[in-house]
Q: 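My questions all concern the structure below.
In this chain, numbering begins with 1 at the start of the sequence shown.
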Amino acid sequence: MSQKKKAVAKQPYLTKRRLVSAAKSGIRKAAAETMEVMGYVIIAEDGWLVKKYADGRTEKISPIERANPNESLVLD
């Protein structure tokens, strides 16, 4: 086997599933740390920006305007 093929074979394989899992895990961790420090987090929920407090209260901030109403918005 040539050196080039050996180098390619040793690179770690990253699947989409692993990448999505790692990203979600990081987001959950960051949200938990933010909630601990700030006492609230701001998220997108049902077409609105929403402030969620540590005690469970929620406050709608503003609706999310879509550039193209035919496209869906996915933030999580």
Q: Do you know the tightest heavy-atom contact between Ile64 and Leu49?
A: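 What the structure gives for the nearest pair is CG1-N, 4.0 Å.
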
Q: Is the closest side-chain heavy-atom distance between Glu45 and Lys52 below 4.5 Å?
A: yes

Q: Just checking Asp46: does its CG atom have more than 12 heavy atoms from other residues, nucleotides or ligands closer to it than 6.0 angstrom?
A: no

Q: Can you give each donor-acceptor pair under 3.5 Å made by side-chain atoms of residues 26-44, sequence neighbours left out, with the distance rounded to 0.1 Å?
A:
unit_1 : atom_1 : unit_2 : atom_2 : d
Thr34  : OG1    : Ala30  : O      : 2.8

Q: How long is the gap from CZ on Arg57 to NZ on Lys51, to the nearest 0.5 Å?
A: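 Here the interatomic distance stands at 9.0 Å.
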
